[in-house]
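First the structure, in the form of structure tokens, and then the observations on it.
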Amino acid sequence: MPDWAGPVARYILETGLPATLKISAAAVVGSAMIGIVFGTLLTIDFRPSRMLIRGYIEIFRGLPILVTVFVVYFGLPALSQTLKFEPVPATAIALILWGSAQVAEATRGAVVSIPREQHEAASALGFGWVGRHRFVILPQAFRRLLPPFVSLLVNIVQNSTLAAVIGGIELLQASKSQVERLTFFPPAGIGEIHAVEIFGAVMVLFFLISFPLTRLAAYLERRLIV
Amino acid sequence: MLLATYDLWAFVSENWRELLDGLVNTLKVSAIAIAGSFVIGLVLGAARAHRIPVVSQLTAVYVEIIRNTPILVQIFMLFYALPQIGIRLDAFTTAWLSVMIWGGAFNSENFRAGFEAVPQRYREAGFALGFGRLGTFLNVTLPIGGRIALPSSINTYISVLKNTSLMYVIGYAELTTTAINIANLTLETLEALTVLGVVYLALVWSLSAAIRMLESRLALPESR
């Protein structure tokens with residue numbers, strides 16, 4: 001290992017990685033909560049609510065995520081100063097808007113796939129709409145939701161790099177700043193370019209996070225079919 | 001508070017030339033990348049479905065690397081890291097090349113799945129009719145498997161189009177870069193974002209509509 005690698009790795013792992021994990025965790029939890037509620041509400045035969053949720057899904061699935069990031073980071077503050085966010089939370093919010101649309105669509109499909117009899121049986125047991133979905137329908141739908149959920153997690157981890165575009169220090173931005181620092185003359189840097197090694201290492205790091213998850217998603221998918 | 005001065009019409013009429021150039025660049029990069037990822041997907045998907053030695057394994061490695069690393073890092077690799085080893089790509093080349101490599105990986109999976117979904121007995125029927133391996137592929141596997149793969153491959157092309165917006169990070173003047181740069185100059189942030197939203201949604205929604213239309217028109221007779 002060359003001398004420069006130690007401090008670079010420490011900065012990327014201590015400053016960049018936690019932000020990537022924070023964005024990803026917040027985005028996954030937020031997407032799941034909003035998406036499952038929206039997806040379940042979408043199965044209700046009430047036109048106004050259905051149209052609103054449908055619009056939400058189509059808009060945030062249709063926009064490039066980077067544009068959604070810009071809407072949150074540049075657009076919201078232009079509407080009101082109270083909606084000003086730092087780059088890292090702004091990215092998390094944008095990923096929640098996108099991810100919840102994905103989850104809502106998947107949830108709708110999963111809920112619809114549960115046979116009518118389950119609804120009727122739950123109603124016969126005295127469950128209201130909320131109880132019926134909370135205790136009977138969603139637990140069964142969840143099995144079907146698991147593979148798309150794991151895929152979503154992979155996508156969210158990868159898209160957390162979008163924070164780098166607006167200057168949020170996560171894995172990619174941290175490594176970019178280290179590449180730039182090394183090109184400076186001493187004492188700040190060493191006057192050398194090491195972009196291939198550093199960005200290569202970042203690719204490896206993302207691969208190590210993503211690959212087991214994509215395998216898991218594929219496995220869950222296969223298990224579901226049988 | 002920029003809402004009070006919101007004037008979409010003024011923004012568009014003052015900047016339509018630049019915005020149009022940006023849109024043209026987005027479409028140009030997308031078209032090259034989509035055509036390229038179609039060819040990559042077709043060839044490598046066929047190689048994987050037919051388990052052609054070496055090519056098949058190399059394709060698997062290519063697909064896993066691209067699928068499991070963020071496209072933004074791939075773009076950085078091409079644009080900021082390759083010059084270190086003497087390969088300099090300009091912004092335009094990086095733009096189409098990076099999304100083409102990305103789309104090609106996803107598309108070879110789409111086509112592999114499509115070709116593998118063609119029942120073995122159809123191919124045996126092709127052999128029985130006297131077709132060779134290539135003849136069977138061109139006359140049996142491709143028309144049937146290609147139709148199966150079409151909806152998912154169009155989804156990949158939609159993602160390719162959306163991913164061209166990432167060229168903002170290398171300063172290539174496609175639609176997103178153009179609109180945001182104008183907004184930074186004129187502070188017409190909301191107008192620029194409105195234009196971006198409307199144009200991208202129009203493009204993506206019409207492509208999605210095309211999928212639904214093609215799906216029903218190209219559906220295999222037995223699944224109708």
Side-chain angles (χ1 to χ4, degrees), chain A residues 20 58-81 151 154-155 157-166 171-173 175-176 179-180 183 192-215, chain B residues 1-3 5-6 26 63-85 87 158-159 161-169 175-177 179-180 183-184 187-208:
Chain A
T20 292
E58 293 303 330
I59 286 173
F60 289 114
R61 289 206 335 165
L63 287 176
I65 307 178
L66 181 61
V67 172
T68 309
V69 169
F70 285 153
V71 167
V72 174
Y73 188 66
F74 295 130
L76 292 185
L79 281 175
S80 155
Q81 275 303 312
S151 304
V154 175
N155 276 321
V157 170
Q158 295 190 4
N159 282 318
S160 68
T161 52
L162 289 174
V165 181
I166 51 175
L171 271 175
L172 183 57
Q173 181 68 18
S175 50
K176 185 173 172 240
V179 169
E180 281 160 6
T183 61
E192 292 171 16
I193 302 173
H194 290 291
V196 172
E197 298 94 315
I198 293 175
F199 288 136
V202 173
M203 272 183 104
V204 171
L205 199 54
F206 273 106
F207 188 87
L208 291 178
I209 300 172
S210 297
F211 187 66
L213 289 171
T214 49
R215 295 286 83 182
Chain B
M1 189 74 178
L2 299 171
L3 198 57
T5 58
Y6 186 85
T26 289
V63 169
E64 293 303 338
I65 290 177
I66 297 302
R67 281 208 306 189
N68 289 296
T69 56
I71 182 172
L72 209 50
V73 183
Q74 296 162 18
I75 296 168
F76 273 46
M77 204 69 186
L78 285 181
F79 196 70
Y80 295 115
L82 284 190
Q84 188 191 331
I85 52 171
I87 305 169
I158 294 179
S159 300
L161 175 89
K162 291 201 280 186
N163 278 337
T164 59
S165 64
L166 295 173
M167 300 316 147
Y168 177 81
V169 295
L175 184 63
T176 304
T177 311
I180 297 295
N184 284 340
L187 296 181
E188 292 165 301
T189 315
L190 292 173
E191 291 87 339
L193 291 171
T194 311
V195 169
L196 285 180
V198 169
V199 175
Y200 279 114
L201 288 179
L203 289 172
V204 169
W205 286 352
S206 34
L207 277 170
S208 310

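These numbers come from a predicted model, not from an experiment. Chain letters run A, B, ... following the sequence lines, proteins first and then strands; every chain starts at 1.
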What's the spacing between A/F207 CZ and B/N68 CG if we round to 0.5 Å?
5.0 Å

Sorted by chain and residue number, the side-chain contact (heavy atoms from CB on, under 4.5 Å) partners of A/L205 (sequence neighbours excluded) come out as A/L13, A/L171

Quick check against the 3.5 Å criterion: does B/K162 have a side-chain atom that pairs as donor or acceptor with the backbone of A/R61?
yes

Side chain of A/Q158, backbone of B/R67: donor and acceptor closer than 3.5 Å?
yes

Taking atom OG1 of B/T189 and atom CZ of A/F70, what is their separation to the nearest 0.5 Å?
11.5 Å

Just give me the residue among B/T194, B/L201, B/V169 that pairs up with chain A most often, heavy atom to heavy atom, under 4.5 Å.
B/L201

Does any heavy atom of chain A fall under 4.5 Å from the side chain of B/L193, the backbone, both, or neither of them?
side chain

CD on B/Q84 to NE2 on A/H194, rounded to 0.5 Å:
7.0 Å

Turns out that what part of B/I65 lies under 4.5 Å from chain A's heavy atoms comes down to both

May I ask you to name which of A/T214, A/T161, A/V196, A/I209 has the most heavy-atom pairs under 4.5 Å with chain B?
A/V196

Give me the ring orientation class for A/F199 and B/Y80: parallel if the planes are under 30° apart, tilted from 30 to 60°, perpendicular past 60°.
tilted

Minimum heavy-atom separation for A/A78 to B/L190, with atom names?
CB-CG, 3.8 Å

Residue set satisfying ring pair (Phe, Tyr, Trp, His ring centres under 6.0 Å) with B/F79, at least two apart, ordered chain then number -> none

Heavy atoms only: give me the nearest B/F76-A/K176 pair and the separation to one decimal.
CE2-CD, 3.1 Å

Chi angles and distances behind the side chain to side chain contact (heavy atoms under 4.5 Å, CB included) call for B/L166, A/L162:
CA-CA 9 Å; B/L166 295 173; A/L162 289 174; 3.4 Å; yes

Measure distances from A/I59 to the heavy atoms of chain B and classify the residue's part below 4.5 Å as side chain, backbone, both or neither.
both

Chain A contacts, top residue of B/I85, B/L196, B/L72, B/V204 (heavy-atom pairs, under 4.5 Å)
B/L72

Determine the minimum heavy-atom distance between B/E64 and A/F211, stating which atoms define it.
OE1-CE1, 3.5 Å

Taking every non-hydrogen pair under 4.5 Å, which of B/I71, B/T176, B/I180 racks up the most with chain A?
B/I180

Which residue out of A/N155, A/L208, A/V71 racks up the most heavy-atom pairs below 4.5 Å with chain B?
A/V71

Using side chain to side chain contact (heavy atoms under 4.5 Å, CB included) as the criterion, point out the one residue from A/V165, A/L66, A/I65 that pairs with B/S165.
A/L66

Gap separating the OH atom of B/Y200 from the OG1 atom of A/T68, nearest 0.5 angstrom:
11.0 Å

